[in-house]
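Just so it is clear, the structure is predicted and the values come from calculations on it, not from any experiment. Just so it is clear, the values below take in all heavy atoms, side chains as well, and ignore hydrogens, waters and symmetry mates. Counting begins at 1 with the first residue of the sequence.
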Amino acid sequence: MKLNLKENEILHGFRLLKQQTVPEIDAKAYAFVHEKSGARLFFLENDDDNKVFSISFRTTPADDTGVAHIVEHSVLCGSRKYPLKEPFVELVKGSLNTFLNAMTFPDKTMYPVASRNDKDFQNLMDVYLDAVFYPSMKETPEIFQQEGWHYEIDNAEEPLRYSGVVYNEMKGALSSPDDVLENKIMLSLYPDTTYGFESGGDPDAIPTLTYEDFCAFHSRYYHPSNSYIYLYGAMDIEEKLAYLDREYLAAFDRIEPHSEIALQQPFREMACKEGLYSISEGEKESEKTFLALNWLVGEADDAEAMLALEILQHALLQTEAAPLKKVLMDAKIGKDVSASFEDALRQPYLSIIVTNSEAERAEELCRLTEEAMRDLIENGIDKTLLEASINRLEFKAREADFGTFPKGLVYNIKIMNSWLYDADPALYLYYEELFQKMREGLKGRYFEAVLEKYLVKNAHRSLVVLKPSKTLSSEREAALAEALEKKKQALTHEEIEHIIEMNKRLKERQESSETAEALATIPLLELSDIRREVEKLPLTEREIEGCKVLHSDIFTNKIAYVNLYFDAQGVLQEHIQYLFLLTDLLGAVDTESHTYAELSNLSNLHTGGISYENSAAVRNGEPDSCMPMFRVRARAFGRNLPELFSLLAEVLTESKFTDKKRLEELCGQCRAILEARVMSASQRSMAVRIASYLSPAGAYNEQAMLSYYGFLADLTDHFEERFEELSETLASLLPIVFTKGGLTVGVTLSEAEYSSFAEKAAEFCRRLPQAKAEPQVYHFDVRAKNEGILSSSRVQYVGKAANFLRLGFSYTGSMSVLETILRYDYFWTKIRVQGGAYGAFTQFNRIGFLFFGSYRDPNLRETLEVFDKTADYLRGFDVSDREMVKFIIGTISTVDAPLTPQLKGLAAQDGFLRHVTEVDRQKSRDEILATRQADIRALADVVDACMKENVLCVFGNEEKLKENAGLFGGLLHALGSAAD
């Protein structure tokens, strides 16, 4: 129903403040205020059936206790209408949502949901609104203890320990140097405002938060007068306004929440701050320092300045042609230089970050940066470089492809960049005029003036030096143990007994079952609401110049999504890691025709991006199969296909690996980036490692993770003697991999545009070597090594896995339902709620891979025991028919995640290459919908057999793993060698 309302008119208690058209997203925008409660509401009306609702609050912490984060978790643990322990989890189990989560930011907390089903959408709205306004947490201290922190103690002889979901989550988060660095940067730039505090919570400060202050924070900030309600998509908005007024907002009167974000007063001189982060005993301390040069740049309501700064940082620091990055890399300040532009704050900031450096290079970083920027201002910034960056960012804005994230949610996050600070919520949705201004700016010295104003002449800057420490983690744990021991000694016998009793009540609550009456309060769809047929993935087999073409005829708004799949089986086994290195080098080295800087500009001028990746796929139902495939993914407007294919042919056939200085620089960057990735994505590091124990393809893909780090470390440490071999090997790979005989082309675009594509693709195919290389036979060491991977992390990532096909079992769609049941029932209760971990994961796939994993987990042995007892849980699995329907619906919501045109094409091509047919997908869907309790109980034998294989891998705290060394076949350092 379209809204027919004039400005200042009132509808269901909401006064319409402003309405406007936003052609960039084909929407009409309405800004309202609820007169009685003071709630703000912004509605984006369009034809998108993937509707989004969110309610956000401006939450401004005044300390490091993580109160905003803990409240975010806790409001979802029961409410007035939904008196369950975990209504959020019950929703996830039984909703067709396309997004369901909550997020804490430095200055706001958001509760967004999305669904394509009208009934489901309304259900999600109601559960979230009741949660934020009427949470059970204020009458149930155990919620605070579970989600925030509590003393973990069962008897008076035990030592005191801290536990809690957020407490352990932040121990994991702040084990990553990237997160520690961000924390130090914000503290250095905003010492006097809310941004100087860790909104997620510092584990050292979290236990100082009292239950009273926790409740007071909610009372102050979770009021409609401090709320920002957002609706997006095709819906009856009048019905939604009436519902909001009647069910929630009319019960509240306006207040003044005093949540304003104070401006940080300008600095007169640069602030300097030092900090430490943990590394493990097996890592070296040299060249491990992070340097960050940071500027506070204006205010968020200046959309033009923010876009200009984004373009500048992209052009000067993020492309291969970036002149400022080149100056710093040439000076060998560190192994990698990157930029960060954080604009989701009232006062945004921009950072230049140098990794793998030394503390004594900090002054040089400042001097070289200042000199380079002044030189750019005086002599001018290359116009082609700027135009290329403008094109790249404009392509991204016009494409509006956010992967699996609903568009409406991304727009929601974007509008908060202005709305939260009392500016027009639609400000950041408009971009046509702004990009026109940016192009006009190329005619003069616009960007030089921006660089001078916001960076060179801006005294509000800071320098952060973050040094490695091998002893920080052990010192911190020792200090914590000592403090807890002193705390315990200071307690009376009665106080200790009181803590034990509180702990007992918490565990009783965690272990208690929900009543049928409480479960019935959660609104539930019916199986009849679910589509029976699997979603069609358009795919037509065609041919160009003898190459197979997989064409997905989908409307893409004139963008061609091109995927080139090259058979990489011709590469020698000893050269596989060189092939992974090649994915990072292509487009970043010179070719016969262009320098790497020119290539970067051409790519940004004419395409929406080109990426290179290598991995081994597995054929459906054949766990021992291994199909190495080098993928080139590219996107461009149809009119730019000639330039795209010309660029691809040049890079794939003419790249040169003879520039010694450039290769050394790039290899150092790869090593630095991988170091950060291993620590920030510890769960993935563990999961890839355990997969390498189980299949040839898993072993192949692991060559890009921890094993790859060893390869890069040796390469960079002995670059001088290895350069010639490196250069020759890389050059030899091009004619082996990039052949017409080994190519399959995937493309997603409409049929009307296919002939033009085919013509340009044919020219590309003719430029490739014709003959396919002789396939190699690989011999990997596929066995259960059961490794413990030592790191400075303060938490664990625990995994067990096996291949059930090899054990004689078959894949069934019911396994997808079992994933949902374990993730949101058994594992949620045992590992997250009772164990204090942030989460746990399950996977059963067509190739027989069963994987159980925990995330940011304080435990190790206890979690393995939970995994081992899964079969017992399944044998006793007994839920009502209503609960079973809930699990099925929750599973389907994952299966039916909305796909963008690009993702549909990728899914269709991936299915074809892995031999997964539409018949296979339909069979799995039918099995999901037909799953009953007996089917889940029948899977107990599968799980039992897999757990008895005892294939495990743990990434975690060095001391914790060494204490449990008997569990492992061996210990190794995440970024080093085998442990002593």
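Between Asp896 and Arg925, at least one side-chain nitrogen of the basic residue sits less than 4.0 Å from a carboxylate oxygen of the acidic one, meeting the salt-bridge criterion. With salt bridges taken as basic N to acidic carboxylate O contacts below 4.0 Å, none links Lys383 and Glu387. The pair Lys51-Asp118 counts as a salt bridge, with a side-chain nitrogen and a carboxylate oxygen less than 4.0 angstrom apart. Electrostatic pairing of Lys81 and Glu247 counts as a salt bridge here, judged by a charged N lying under 4.0 Å from a carboxylate O. At a threshold of 4.0 Å, the pair Glu86-Lys93 does not count as salt-bridged, since none of the basic side-chain nitrogens sits closer than that to a carboxylate oxygen. Look at Glu535 and Arg921 and you find no salt bridge, because none of the NZ, NE, NH1 or NH2 atoms lies under 4.0 Å from a carboxylate O. Salt-bridge formation is not detected for the pair Glu9/Arg15: no Lys NZ or Arg NE/NH1/NH2 atom is positioned less than 4.0 Å from an Asp or Glu carboxylate oxygen.
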Enumerate, atom names and distances included, each donor-acceptor pair closer than 3.5 Å involving a side-chain atom of residues 297-307, sequence neighbours excluded.
unit_1: Asp302; atom_1: OD1; unit_2: Ala305; atom_2: N; d: 3.1
unit_1: Glu304; atom_1: OE1; unit_2: Lys437; atom_2: NZ; d: 3.3
unit_1: Glu304; atom_1: OE2; unit_2: Tyr446; atom_2: OH; d: 2.8

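For an aromatic pair to be called close, the ring centres must be under 6.0 Å apart, and Trp295 with Tyr454 fails this. The aromatic ring centroids of Tyr222 and Phe133 lie 6.0 Å or more from each other. Ring pair Phe53/Tyr232: centre-to-centre distance not below 6.0 Å.
Tyr128 has its side chain within reach of Leu76: a pair of non-hydrogen atoms, C-beta onward, lies under 4.5 Å apart.
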Quick one: do Ser199 and Thr104 satisfy side chain to side chain donor-acceptor pair (under 3.5 Å)? Show the steps, please. CA-CA 7 Å; Ser199 61; Thr104 301; over 6 Å; no
Which is it for Tyr248 and Asp126 under the side chain to side chain donor-acceptor pair (under 3.5 Å) test, yes or no, and what are the steps along the way? CA-CA 9 Å; Tyr248 291 98; Asp126 198 61; 3.0 Å; yes
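The cationic atom of Lys108 (NZ for Lys, CZ for Arg) lies less than 6.0 Å from the six-membered ring centre of Phe105 and within 45° of the ring axis. Judged by the 6.0 Å distance and 45° axis criteria, Arg639 is positioned over the aromatic ring of Phe637. The cationic atom of Arg635 (NZ for Lys, CZ for Arg) does not lie both less than 6.0 Å from the six-membered ring centre of Tyr561 and within 45° of the ring axis.
In Asp529, the CG atom is crowded: over 12 heavy atoms of neighbouring residues, nucleotides or ligands sit closer than 6.0 Å. Annotation for Lys396: atom NZ does not count as buried by contact number, only 12 or fewer foreign heavy atoms lying within 6.0 Å. For CD of Glu432, the number of neighbouring non-hydrogen atoms (other residues, nucleotides, ligands) closer than 6.0 Å is greater than 12. Within 6.0 Å of NZ in Lys558 there are 12 or fewer heavy atoms belonging to other residues, nucleotides or ligands. In the displayed structure, Glu256 atom CD is contacted under 6.0 Å by more than 12 heavy atoms of other residues, nucleotides or ligands.
Looking only at atom types and distance, the side chain of Ser259 has no donor-acceptor partner in the side chain of Thr60 under 3.5 Å away. There is a side-chain donor-acceptor pair under 3.5 Å between Gln122 and Lys240. If you check the side chains of Arg346 and Asn417, you find no donor sitting under 3.5 Å from an acceptor. Inspection of the Ser136 and Ser79 side chains reveals no N or O donor paired with an N or O acceptor under 3.5 Å. In this model, no donor atom of one side chain and acceptor atom of the other lie less than 3.5 Å apart for Asp130 and Tyr82. There is no side-chain donor-acceptor pair under 3.5 Å between Thr384 and Asn601.
Side-chain atoms of Ser74 do not come within 3.5 Å of backbone N or O of Val71 as any donor-acceptor pair. Remark: side-chain polar atoms of Asp48 are not paired, donor with acceptor, to backbone N or O of Gly233 under 3.5 angstrom. A distance-only check finds no donor-acceptor pair linking the side chain of Ser95 to the backbone of Val92 [under 3.5 Å]. For the pair Ser893 (side chain) and Leu96 (backbone), a donor-acceptor distance under 3.5 Å is absent.
Taking the salt bridge (charged side-chain N to carboxylate O under 4.0 Å, His left out) definition, one finds that Lys36 meets it with Asp253, sequence neighbours left out.
For the pair Ala29 and Phe42, the tightest heavy-atom approach, listed with the atom from each and the gap, is CB-CZ, 3.5 Å.
For the side chain to side chain contact (heavy atoms under 4.5 Å, CB included) test with Leu537, the passing option among Leu899, Asp910, Leu906, Leu903 is Leu899; the others fail.
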